[in-house]
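Just follow the structure's listing: the first ligand is 1, and inside any ligand the first atom is 1. Only a predicted model underlies this, so the values are computations on that prediction, with no experimental measurement involved. The first residue of the sequence shown is numbered 1, and numbering continues consecutively from there.
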Amino acid sequence: MKIPTIADAGSIALIKRLFRDNGAGLTKSYILIMVLGIGIAATAAVHVWIIKDVINEVFLERRADMLFLLSGVIVVNGLVRGFTLYFSTLTIGRVGNAVVARAQRRMFDHLLNLGVDFYSRTPSSDLVTRISHNAAAARDVLTTVFTSTARDLLTLIALITVMIVQSPLMSLIILVIGPITISGIVALVKRARIVARAQFASLSAVISGMQQTAHGIRVIKAFNMEAAIRERMAASIDQVRLRSDKIVRLRARSSPLMEVFGGLAIGGVVLFAGYQTIYLDMQPGAFLSFLAAMALAFEPARRLGYMQIPLEAGLVGVRLMFELLDTKPTMELNADGPDLSVSSGEIVFEHIHFGYAGETPVFRGLDFTAAGGKTTALVGPSGSGKSTMISLIERFYNLEGGRILIDGQDIATVKLSSLHDQIALVSQSTVLFTDTVRQNIRFGRPDATDAEVEQAARAAMAHDFIMAMENGYETVLSDESAPLSGGQRQRIAIARAILRDAAIILLDEATSSLDSESEHQIQLGLEHLIRGRTTIVIAHRLSTVLGADKIAVLVDGRIVEEGCHDTLLALGKHYARFYRLQFERRDVDRPRGGRTPESVALPAE
Ligand code: ADP
């Protein structure tokens, strides 16, 4: 995916947008985090500030009244500090979780609005990574920003203030050490950013490798491809490890940098303060307070330098998330357009030009008509464009030229959802969702009653096998665990389509052969489904072409012949050749002349 709208925006711009996008509803939490941050900084300052009085008043001056007062202040201060830290951590954590949930919802909503064209050019592993990893990255960035600004930065400012007040002269040391350390950190951050990007790419490779393996496990096993797959996966995993190691190395380098310069600073201060106390007889309270402030400042300062690296790594994810959210849907939904109104259901392709992005055109001026209420069978070699015709009627893709009319209305101008309402698509591979059988059928029409669902299942010849399952209609199906045969899955899909009660049926017949009993049942279900409706079917079975009102033969994106079976066979051209090659060859096992609508599975092209 390359829609680099904000890919090059600066890190600050990204963080700003992250806050803006997550502003609504969270403003109160943001304010609370800042207030608690001020509390944390103030208590840190009190802790070190008080050291001066403890040393000078209690230990040197030996004042008993101050002893109790100061001890009391220290205890109360610790109490306040403990609670502010607790609530701050709690609030930051909660805001982070809310941001993840929100980011995932937004990405998912957005993905649902994107067209089929987007999905065909984006690997699903990429999307999985984005919705899991990148949403978490948004949390990491926000948490880091909060912890470092609302806590560390404020604490640092408070402590430096204490240092300057206690000893302006010694504070000069910060001016020397500070910039050197910062420039070292900046160099490390730059490199970490590059590595983090590469790491994301390798991680995607690991996830996509896993998905492909799960998908293709049968092929992998059948072809003994385990070793090769293992090697490929190992290489991807190793890459992730090496890059993670590199990030660890870069992170680790920030520690010696800070420690060495920190040691130098503290050593210098001890030398200066000790000299003044020993030789110039000055009270050590202020120096000790200064030293404590510096020691305490060390940790937030280190974290502030250090946080740049996880922040940069997180921003890579946030950037990718925004890239996805900024992908514009290419399909006009026509949400305010007129509804498609269907009378006869005639479908007309008017001089269609179409090609998949970056591919050679599939159609160059295709004209085609499917009569309303009739069944049109599409036959033709693989790759001739049959499935593409179905996709274009569903308006999954934009046309390059021409129009598709349903009862005279251009489908590009009507409300897209109203187009889909009028169509039932039964595709080759039945998609079942992890839900009950009843619900899976009900997807055809969400407001259908239980009785209607069962009626549709009966018509699709699915009722009996559903009832034979342990929990009947309440059996939960999932892609892996559902003990359904291919034929049963298809019948559920047919029931879903029957329930939809759409005027137009688009049917991509399964190429896989089924046992003749299943075939017969499916045939009966289909007959019920397509009766009286405009049906376009990609035909793979002899019974289908025999039963069709019209057969259209598609070759290389053009309709080369149209007519009924007998006419086309008598013509002795394209269809006759297909018939011999694909349909008749399977017929050799059957009694001669047995052209019954009995199902005969056609081989996949
Ligand atoms: P058929 O259904 O007749 O087998 P298709 O409509 O699937 O043919 O394919 C027509 C042509 O379009 C083929 O050359 C095929 O490779 C190409 N094609 C199909 N789907 C896509 C896609 N999602 N992206 C790019 N090219 C595609």
Check your understanding: Between Ile538 and ligand 1, is there a nitrogen or oxygen pair with a distance under 3.5 Å?
Key -> no
Check your understanding: Considering only heavy atoms of Lys386, which atoms of ligand 1 have at least one such atom less than 4.0 Å away?
Key -> 1 (P), 2 (O), 3 (O), 4 (O), 6 (O), 8 (O)
Review point. Does Ser384 reach ligand 1, in the sense of a heavy atom lying below 4.0 Å from it?
Key: yes
Point to revise | Element-labelled atoms of ligand 1 that are located less than 4.0 Å from some non-hydrogen atom of Val362 | key: 10 (C), 11 (C), 12 (O)
**Study point:** Option with minimal heavy-atom separation from atom 21 (C) of ligand 1, where the choices are Tyr356, Tyr119, Phe396
**Key:** Tyr356
Practice item. Look at atom 8 (O) of ligand 1 and find which of Ser382, Gly385, Pro381, Ser120 reaches it with the closest heavy atom. Key: Gly385
Point to revise | Exam field: side chain Glu452 to backbone Leu499, donor-acceptor pair closer than 3.5 Å | key: no
Exercise for review: Return yes if a side-chain donor-acceptor contact under 3.5 Å exists between Asp508 and Ser427, otherwise no.
Suggested key: no
Exercise for review: Using the six-membered ring wherever Trp is involved, compare the ring planes of Phe354 and Tyr397 and label them parallel, tilted or perpendicular (cut-offs 30° and 60°).
Suggested key: tilted
**Study point:** Counterpart residues, ring pair (Phe, Tyr, Trp, His ring centres under 6.0 Å), relative to His110 (two or more places apart)
**Key:** none
Review point. For ligand 1, which atoms, with element, lie under 4.0 Å from some heavy atom of Ser387?
Key: 1 (P), 2 (O), 6 (O), 7 (O)
Review point. Is the backbone N or O of Gly563 less than 3.5 Å from a side-chain atom of Thr567, with the two atoms forming a donor-acceptor pair by type?
Key: no
Review point. Has the side chain of Asp407 got a donor or acceptor atom that lies under 3.5 Å from a matching backbone atom of Ser343?
Key: yes
Study note, to complete from the structure: So side-chain hydrogen bond (donor to acceptor under 3.5 Å, both in side chains) across residues 549-560, not counting sequence neighbours, yields Lys550-Glu562
Point to revise | Sub-3.5 Å N/O-N/O distance, Thr388 and ligand 1 | key: yes
Practice item. Pick whichever of Gly557, Gly355, Gly383 has a heavy atom sitting closest to atom 11 (C) of ligand 1. Key: Gly383
